[in-house]
Amino acid sequence: METYDHVEIEEKWRERWEENKVHKTERDEDREPFYLIFAYPGISGFLHLGHMRCYTYTDILARYKQMKGYNVLFPAGTHPTGNQAISLAKKLEENDEGKIAYMKKNGATEEDIERMKDPEEVVKYFNEVYKEDYWKKFGFSIDFDYFTHTIREDYKKFITWQFKKLKEKDLLTQKPYFGTECVECGPVAVDPSETDLSEGGNAEKQEFTLLKFEYGDRYVTAATLRPETVFGQTNLWVDPEIEYQIVEIEGEEWIMSEEAVEKLTYQKDSVKEKGTIKGEKMVGEKVLAPGIDREMIILPASFLDPDFGTGIVTSVPSDAPYDYVALKDIKEDEELIEKYDLDLTDVEPIEIIESEEWGTMPAEKIVDELDIESQEEEEKLEEATEKIYRAGFHTGRMLDSCKDYAGMRVQEAKERIKDDLISEGKADVFYDLSEEVICRCGGKVVVGKIPDQWFIRYSDQELTEASVDQAKKMMIKPQSYADNLPSTIEWFQDRSCARKGNWMGTNFPFNEEWIIEAIADSTFYPAYYILAKHYNQGDLKADQMSEEFFDHVYQGKGEVQEISKTTGIPEHKLKEIREDFDYWYPLDLNLGGKEHMTVHFPVFLMNHVALLEEEERPKGIFVNWWLVGKGGKISKSKGGAEPIPDAAEKYGVDTLRLFYAHSASPFVDKEWSEEEALIYQKKLNSLWDMIQKIKELKGEEKAIDDYLISRFNELLKEYHEVMEEYEIRKGANIAFYDIPSEIEWYLKRGGENRELLQKIGKKLVRLLTPFTPHIAEELSEEWNIDFITQELMPEYDEDKVSKLAEAREEYVKKVQEDIKHILDIAEVEGHDIYIYVAEAWKEQAFEKVLEDPEKGMGLMGEIVEEVDAPSDDLASFVKSALEDVSEIGYQSLVEVDFGEKEILEESKEFLEKTFEADIHIAEADEEGIHDPENKASHSKPKRPAIYIE
RNA sequence: GCGGGAGUAGCCGAGCAUGGCCAAAGGCGCUAGACUCAAGAUCUAGUCCUAUAGGGGUCCGAGGGUUCAAAUCCCUCCUCCCGCACCA
């Protein structure tokens, strides 16, 4: 059969929509607005099919709402803030072969590449790619008149205003911050996606307590992750072979490894080198331990790593397996004791923490249990340390030896002891990374101190509470995120919002050398799209966008005449912009991938709450999971990484849209599968064929019509219900599978009503439109409408639902099924099928049973009175009826009143065709029927007996 | 650690909120048939076990419980996955 050419029709309709400005959106006070966005993408290079998942969901919902009669605003933009465009330009400048090949493969020309050695041009280029090759290509109903991006002058004005407002509301603050930074190129993010890194994405920033041990005029320093164990300290460990550094920090002299000094230079204002001291020089000497004011001996050890902590470790043999084993080793090493002349009499483990699992001497116990022999058995020691720590942290309590902290839970004591030691000047804080991290640029990543970092005060009590309230009112999908968002907001701490260095973005208004960071300038932007249109039309200039202007538009402050005078924006324009904002806001829905759950969505919401009144705050969030490659990220080797325009041509845009919508719930990661995409392509072809076929049928009304009308209406109702709840997958399932399969059944049953099929066909194509708009337009081209995209959805009509029609079909299906079963099992020829409808008295008896099945056979008395039937037959029937009564489905079928014989006669032709047999229908108690095996007596109401020969 | 999620037939993957028409949608794979010289594509039927009459049995990670009734609710356990901040 003639099918359609997706490349041709998709292009055709894309062009027609554009020519006719179908997606143009204007304020219209007579229609209810619906405003939705997807989280705009950064400019990070070419996108792949994974990214299109979220955008497609957005378009499906936009189109659905549009067809429900809403005035839908669906804008889009990009987020080039950051250094991604800069580093791409740099790579191209350096003639990086890999990058150039990548650009070419995705369709960039030589000139494009030449041009893109300038970061601004990178942004320009990708803005076009995103718009033309991705969003338009996919047939999205975006109105690009509202397009904006975050490094445009106008957008920067908007961000500047936003930060002024945050400052006014006392939501900005400055304080020291320890963050990860590359020694070459400034702040970088350490995360497994390794956007900024070439190595070490799984590293964690660890906070050590740097303990200071008095050692003459100096301090020996030891870094620990477990400050709560200070009461159990018995000695220090140094490596006799290491040349330790002496450095001056904050007027004191500290001793630590060279590696530690290097790290500290990024965390302390001044670090002056004062000389060195070899480990063995310190061995045997005494230090004064912080917090417990106890003299301790310095002992030699071999397990120390100068790149971990300070290369000096305080020993807590009661709770640290390493220390316990090292101490045991040294006590048995007489040679060593003699060499350094060590006095070890007082060096004994001290009980400090009691946990359920490990008692009061956990190190001893676990070393015993794991059978650890020496300090060289690193693997076992790591395991032991981990186990004890976990148990201690959760169930542990501090013992009496811990003085003021006795009885406290370990979790609490840990913080308290750390804070107390620091405030007494006996300890400091030292940050380090858990593994080596290397920047994209090749530089080493360290933890550095920024003394005057700017923060947005998301910890603010009032803001937090108001945001939580709002979150609870919103429509958030999936439910699990709706449940979590309030606690995510409560947990949200102050967040740094500006940075220095090589960065594209808006200058921080209160300190121009800082640039606003990428998350901080992408929280409130749905409010800006509305203005961007006026800027794009040339009615608004960036330098007119003053604080008063934004105050007026977003917060209704000030007098129009006044603002018009100071900004030069005509009064009517100001009014128009203000009204636009008023009309479109609040935002109905923000859609984004699951990566946004812990950062973007919370700050998006909190900034709205900070800046706008309650009735203007967002109403919905939709989170989608990812499209992934086999076993993880989408990549070249695993498929799904081909350029989007190529994929669109290969599979068809409608196919891909249906794939996203239907192949999995939006709330799970979905593996990309080419085969599956091709199946959806076939699906669309066969749906196309079916709709073409039903257009051509020319038959008349039949009884089966009522069934199709009824089922269609019920499914239509369900369709709307699920789509209103943004259950995209269910909606697609109804439109593309449930309804077509009802139509298939209808045709199979001999339905051919031309008028009905035309009507249902037209409605069905509308239901398909949000998902596969191109094919829907093509199918409806001859219907004398402009664009099906602009049509309204069919609505559910309750009067069309007929329980009777449905029950009759169910009955036929059941009979058909039973015959099939018998044919499967029995060895019969199957030329003649006899169907015996149950005697009337059986139905009467069944109804009596239904009245009160609890009575069981006790019902017999009553039934014998009322029902006229042979008493033996009656008794055995009631018995079986009592069993059947628990089958809910059967019961409800029996309750519907229709003539079985009549419906069977009607379906005779269908059954004969299905089984290629003669069908004979009779009542079970008719005289002279053909029933050699006496099957007729087995008939039940709505469950006729069958005999086949 | 903290917080969250998931375990469904050979495989992928719905269902679970509102327990009962659930032996459990859809797809893949497989089997048979139609079409074809043949292959592919397509279409039809079947695909837990069992049964020569529409039946019976077992089943939704494991084990308990609630209920007339559990894949669905509750408890315990096992296994796997994700987020945890300057990454959009």
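- Closest contact between the side chain of A:His938 and the listed nucleotides B:rC86, B:rC21, B:rG54 involves B:rG54.
- Spacing of C1' atoms, B:rG54 relative to B:rC59, comes out at 22 Å, to the nearest Å.
- The partner of B:rG20 is B:rC68, judged by Watson-Crick or G-U wobble contacts that both fall below 3.5 Å.
- Among the atoms of the strands shown, only primed sugar atoms or phosphate atoms (P, OP1, OP2) are found under 4.0 Å from some heavy atom of A:Glu517.
- For the segment residues 939-949 of chain A, residues with any heavy atom less than 4.0 angstrom from an atom of RNA chain B are, sorted by number, A:Arg943, A:Pro944, A:Ala945, A:Ile946, A:Tyr947, A:Ile948.
- In this pair, A:Phe492 does not lay its aromatic ring on the base of B:rA85; centres under 5.5 Å and planes under 30 degrees do not both hold.
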- Message: Show, in sequence, the C-alpha distance, side-chain angles and deciding distance for A:Tyr651 and A:Trp672, and conclude whether the ring pair (Phe, Tyr, Trp, His ring centres under 6.0 Å) test is met.
- Response: CA-CA 13 Å; A:Tyr651 305 105; A:Trp672 163 252; 5.5 Å; yes
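- The P atoms of B:rA45 and B:rC28 are separated by 14 Å, rounded to the nearest whole Å.
- Among the atoms of the strands shown, only primed sugar atoms or phosphate atoms (P, OP1, OP2) are found under 4.0 Å from some heavy atom of A:Gly42.
- In this structure, A:Lys670 forms no cation-pi arrangement with A:Trp625, as its terminal cationic atom is not both closer than 6.0 Å to the ring centre and no more than 45° off the ring axis.
- Across the strands present, B:rU58 finds no partner; the criterion is a Watson-Crick or G-U wobble pair with both atom distances under 3.5 angstrom.
- One can place OH of A:Tyr481 at 14 Å from P of B:rG4, the figure rounded to the nearest angstrom.
- Pair assignment for B:rG7: B:rC78, on the basis of Watson-Crick or G-U wobble contacts that are both within less than 3.5 Å.
- B:rG26 is paired with B:rC12 under the Watson-Crick or G-U wobble criterion, all donor-acceptor distances under 3.5 Å.
- Under the side chain to side chain contact (heavy atoms under 4.5 Å, CB included) criterion, A:Glu742 pairs with A:Tyr707, A:Leu708, A:Arg711, A:Leu715, sequence neighbours left out.
- Rounded to whole Å, the separation between the P atoms of B:rA9 and B:rU18 comes to 26 Å.
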- For each nucleotide in nucleotides 6-18 of chain B, reading 5' to 3', give B when a protein heavy atom comes within less than 4.0 Å of its base, S when such contact involves only the sugar-phosphate, and - otherwise. --------S----
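- B:rA25 atom C1' lies 12 Å from atom CD1 of A:Ile734, rounded to whole Å.
- A:Lys449 forms no cation-pi arrangement with A:Tyr177, by the criterion of a distance under 6.0 Å to the ring centre and an angle within 45° of the ring axis.
- Checked against the 6.0 Å centroid threshold, A:Tyr55 and A:Tyr660 do not count as a close aromatic pair.
- Comparing A:Asn484 and A:Gly82 against RNA chain B, the residue whose closest nucleotide sits nearer the 5' end is A:Asn484.
- The distance from atom CD of A:Glu916 to atom C1' of B:rG33 is 12 Å, rounded to the nearest whole Å.
- Side-chain contact, A:Tyr458 with A:Gln493: no donor N or O sits under 3.5 Å from an acceptor N or O.
- Atom CG in A:Asn733 sits about 10 Å away from atom P in B:rG27, given to the nearest Å.
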Show the atom names and distances, to 0.1 Å, of all donor-acceptor pairs under 3.5 Å that link a side chain in residues 515-526 of chain A to residues at least two apart or in another chain.
residue, atom, partner, partner atom, Å
A:Glu517, OE1, A:Ile519, N, 3.1
A:Glu517, OE1, A:Ala520, N, 3.2
A:Glu517, OE2, A:Ile519, N, 3.1
A:Asp521, OD1, A:His79, NE2, 2.8
A:Asp521, OD2, A:Thr81, OG1, 2.5
A:Ser522, OG, A:Ala518, O, 3.0
A:Ser522, OG, A:Ile519, O, 3.1
A:Thr523, OG1, A:Gln162, NE2, 3.1
A:Thr523, OG1, A:Asn607, ND2, 3.1
A:Tyr525, OH, A:Tyr40, N, 3.2

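- The NE2 atom of A:His596 sits 11.5 Å away from atom CZ of A:Phe604, with the distance rounded to the nearest 0.5 Å.
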Check nucleotides 39-46 of chain B against the protein and report each pair of N or O atoms closer than 3.5 Å, with its distance, or say if there are none.
residue, atom, partner, partner atom, Å
B:rU42, OP1, A:Lys682, NZ, 2.5

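- Separating the C1' atom of B:rA71 from that of B:rC86 is a span of 43 Å, rounded to the nearest Å.
- The cationic group of A:Lys693 does not satisfy the cation-pi geometry with A:Trp688, failing either the under 6.0 Å distance to the six-membered ring centre or the 45° limit from the ring axis.
- B:rA32 and B:rC16 have their C1' atoms separated by 36 Å, given to the nearest Å.
- A cation-pi arrangement is absent between A:Lys942 and A:Phe846 under the rule of less than 6.0 angstrom and at most 45 degrees off the ring axis.
- When rounded to the nearest whole Å, the span between NZ of A:Lys683 and P of B:rC28 equals 11 Å.
- Residues A:His662 and A:Phe736 place their aromatic rings such that the two centres sit no closer than 6.0 Å.
- With C1' as the reference atom, B:rA85 and B:rA6 are 25 Å apart, rounded to whole Å.
- Atom NE2 in A:His821 sits roughly 7 Å away from atom C1' in B:rG54 (whole-Å rounding).
- In this structure, A:His149 has no ring-ring contact (aromatic ring centres under 6.0 Å, His included) partners at least two apart in sequence or on a different chain.
- Nucleotides B:rA24 and B:rC48 are separated by 10 Å at their P atoms, to the nearest Å.
- A side-chain N or O of A:Glu949 and one of A:Tyr947 form a donor-acceptor pair less than 3.5 Å apart.
- Using Watson-Crick or G-U wobble geometry with both donor-acceptor distances under 3.5 Å, B:rC84 finds its partner in B:rG1.
- The listed nucleotides are B:rC86, B:rC21, B:rA88; the one nearest the side chain of A:Glu810 is B:rC21.
- Taking atom CE of residue A:Met597 and atom P of nucleotide B:rC86, one finds them 18 Å apart after rounding to whole Å.
- Rounding to the nearest 0.5 angstrom, the gap separating the CD1 atom in A:Ile921 from the OH atom in A:Tyr834 is 12.5 Å.
- If you measure from atom NE2 of A:His596 to atom P of B:rA85, you get 17 Å, rounded to the nearest angstrom.
- Residue-level contact check: A:Glu817 touches neither bases nor backbone, having no heavy atom under 4.0 Å from any strand.
- B:rG33: Watson-Crick or G-U partner is B:rC43, with both key distances under 3.5 Å.
- When the C1' atom is compared between B:rA25 and B:rG15, the two are found 8 Å apart, to the nearest whole Å.
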